[in-house]
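Order of the sequence lines sets the chain letters (A, B, ...), proteins ahead of strands, with each chain counted from 1. Reckoned from all heavy atoms, side chains included, excluding hydrogens, waters and symmetry mates.
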Number of protein chains: 2
Amino acid sequence: MSKRQNILDAAKNLLWEQGFEAMSPKKVMRLSGAGQGSLYHHFEGKEDLALAALTEVDSELRAAIDSIFDAGKDPMDRLYDYLNTPRGELQGCKLGRLVGEKTIIESNICTIVGAYFDYVCAHLKAALLEAKASGDLPPHLDAEAVSRSLAAIIQGGYILARGTGDARQMQMAQEGAWAMIEGLSSAH
Amino acid sequence: MSKRQNILDAAKNLLWEQGFEAMSPKKVMRLSGAGQGSLYHHFEGKEDLALAALTEVDSELRAAIDSIFDAGKDPMDRLYDYLNTPRGELQGCKLGRLVGEKTIIESNICTIVGAYFDYVCAHLKAALLEAKASGDLPPHLDAEAVSRSLAAIIQGGYILARGTGDARQMQMAQEGAWAMIEGLSSAH
DNA sequence: GTCTATACGATGATAGAC
DNA sequence: GTCTATCATCGTATAGAC
């Protein structure tokens, strides 16, 4: 495997485990086995490296989302699957976790995260609209707003879990979300 | 005003605007006008200072929560008020925002955040249970799980808003949450 | 209590040899 | 492409004078 990819993989790991500010070039070098020269030959600097690493992460996350929101599936099944995917790690969303850092907000990295959120919400909204159209959800439900709520439950679930050190908080947040969606479905 | 309080206020501002890792003793000194000697006289170090500052923040946030969840209010009104309090800042929750940082997770600071989350969820759960008892919400709704979902919507709403740079994302997440609660209320 | 001086490792990057 | 110096700056803390 090329040094470049070694560096990229190390950066991905460190971003995931420690965040952007804590991901120093030195740590990347240690973890990848590459020297300083290699790092600055392949990447312009720390932010450029993170940008490249997170572009790969973005692709991986979108692939998982595409699988959950397969257009061939029933819309309620898509929602169920999104809200029941096990999310046990206390580490948080590989992209969402980063926006707590001020440096991220001020950098180009933030656009990757924002676009990913929009991507997820678009899938959620489509499923909600289809479910409304087929009579599975009440016709006046605000699909746009609810899509944001459901995405927020996942991101916020990670926050609760990390804050309390209890991974079940995420599971409860997800269960509560489905309980509300299911309640709206069966009762209108 | 005492130097000690100046230092504490500066720390609170920096924690709120930049996070824990970015809050260096040097920045606290500049912002507070205090010298290094004062800082280390009143506090053992950076973590001790943050702990003291966030203990004050915790009290302030709990007071706001107590006001929203006034026991004299109708339970549905309490839920409505929690989900309709304007949360326009992109800065995020003064406590929840911090748990993205690895250093926080490994420190005693995390227990403050976790306890605050539990406090909020307890109030939410109580309101949900009362609403169920009075027939405003369906009897089988899982109050524990939904309380976590609603708290997660607030924390996650901040994440969405910061990631996209659009404060309205938080507002939408809150509106969607109320749409679901209200839908459950009117339809069962 | 408050200040200045000092220490030492880490950070993020550049220079130049191979 | 990859490596090893080398650098200025910052972060965190201690020492000791006033």
Side-chain angles (χ1 to χ4, degrees), chain A residues 1-56 97-98 100-110 112, chain B residues 1-56 97-98 100-110 112:
Chain A
M1 183 158 22
S2 75
K3 283 279 183 200
R4 190 192 141 91
Q5 191 60 44
N6 283 344
I7 293 169
L8 226 31
D9 288 342
K12 281 160 76 172
N13 278 328
L14 286 168
L15 285 166
W16 166 237
E17 280 164 24
Q18 317 208 12
F20 176 69
E21 283 164 15
M23 180 206 77
S24 69
K26 222 159 229 168
K27 285 180 188 166
V28 172
M29 287 162 48
R30 264 201 300 274
L31 193 59
S32 66
Q36 207 132 12
S38 293
L39 201 161
Y40 284 95
H41 172 74
H42 290 293
F43 304 96
E44 287 176 17
K46 175 177 169 170
E47 181 177 335
D48 182 50
L49 169 57
L51 215 48
L54 292 173
T55 299
E56 285 196 359
R97 169 165 152 30
L98 298 171
E101 303 183 40
K102 200 198 179 207
T103 329
I104 292 286
I105 298 296
E106 292 163 343
S107 77
N108 295 319
I109 294 172
C110 202
I112 293 183
Chain B
M1 182 160 20
S2 74
K3 283 279 182 199
R4 189 192 142 92
Q5 192 59 43
N6 287 144
I7 292 169
L8 226 30
D9 289 342
K12 281 160 77 172
N13 278 326
L14 286 167
L15 285 165
W16 165 235
E17 280 163 23
Q18 317 207 10
F20 176 69
E21 283 164 14
M23 180 207 76
S24 70
K26 223 161 228 170
K27 286 179 186 167
V28 172
M29 287 161 51
R30 264 201 301 274
L31 192 61
S32 67
Q36 207 132 12
S38 293
L39 201 161
Y40 284 95
H41 172 74
H42 291 293
F43 304 96
E44 289 175 16
K46 175 178 170 169
E47 181 176 335
D48 183 50
L49 169 56
L51 215 50
L54 292 173
T55 299
E56 284 196 0
R97 169 164 152 31
L98 298 171
E101 304 183 41
K102 200 195 179 205
T103 329
I104 294 285
I105 298 297
E106 292 163 343
S107 77
N108 294 321
I109 294 171
C110 201
I112 293 183

Would you verify whether the NZ or CZ of A:Lys46 falls within 45 degrees of the ring axis of A:Phe20 while also being under 6.0 Å from that six-membered ring's centre? yes
Measure the CG-CD1 distance between A:Leu15 and A:Ile104 for me, rounded to the nearest 0.5 Å. 7.5 Å
Tell me: CD of B:Glu21 to P of C:dG12, nearest whole Å? 11 Å
Where the side chain of B:Pro25 is concerned, which of C:dT14, C:dC3, D:dT12 is the nearest nucleotide? D:dT12
Among D:dT12, C:dT14, C:dT2, which is the nearest nucleotide to the side chain of A:Tyr40? C:dT14
Which whole-number value in Å describes the distance from B:His41 NE2 to D:dG16 P? 18 Å
Taken to the nearest whole Å, CG/A:Leu14 to C1'/C:dA10 is 15 Å
Presence of B:Lys46 side-chain N/O under 4.0 Å of D:dT12 phosphate oxygens OP1/OP2: yes
As a test of reading the structure: which of D:dG11, C:dG1, C:dT14 is closest to the side chain of B:Lys27, going by heavy atoms? D:dG11
If you measure from CD1 on B:Ile105 to SG on B:Cys110, what distance do you get to the nearest 0.5 Å? 4.0 Å
Within the supplied structure, the quantity of interest is the number of heavy atoms (other residues, nucleotides, ligands) at a distance under 6.0 Å from A:Glu106 CD; does it exceed 12? yes
What integer distance in Å separates A:Lys26:NZ from D:dC10:C1'? 13 Å
Integer-rounded Å distance: D:dT12 C1' and B:Leu49 CG: 12 Å
Judged by each residue's nearest nucleotide on DNA chain C, which is more toward the 5′ side, B:Met29 or A:Ser24? B:Met29
Between B:Ser38 and C:dC3, does any side-chain N or O lie under 4.0 Å from OP1 or OP2? yes
Measure from the side-chain heavy atoms of B:His42 and tell me the nearest of C:dG12, C:dG1, D:dT12. C:dG1
Can you tell me the distance, in whole Å, between the CG atom of A:Asp48 and the P atom of C:dG12? 14 Å
Can you tell whether the side chains of B:Lys102 and A:Glu17 come within less than 4.0 Å, N to carboxylate O? no
To the nearest Å, how far apart are B:Gln18 CD and D:dG11 P? 10 Å
Nearest-angstrom distance from the residue atom CZ of A:Phe43 to P of C:dG12: 16 Å
For the side chain of A:Gln36, starting at C-beta, report the closest nucleotide among D:dT2, C:dT2, C:dT14. C:dT14
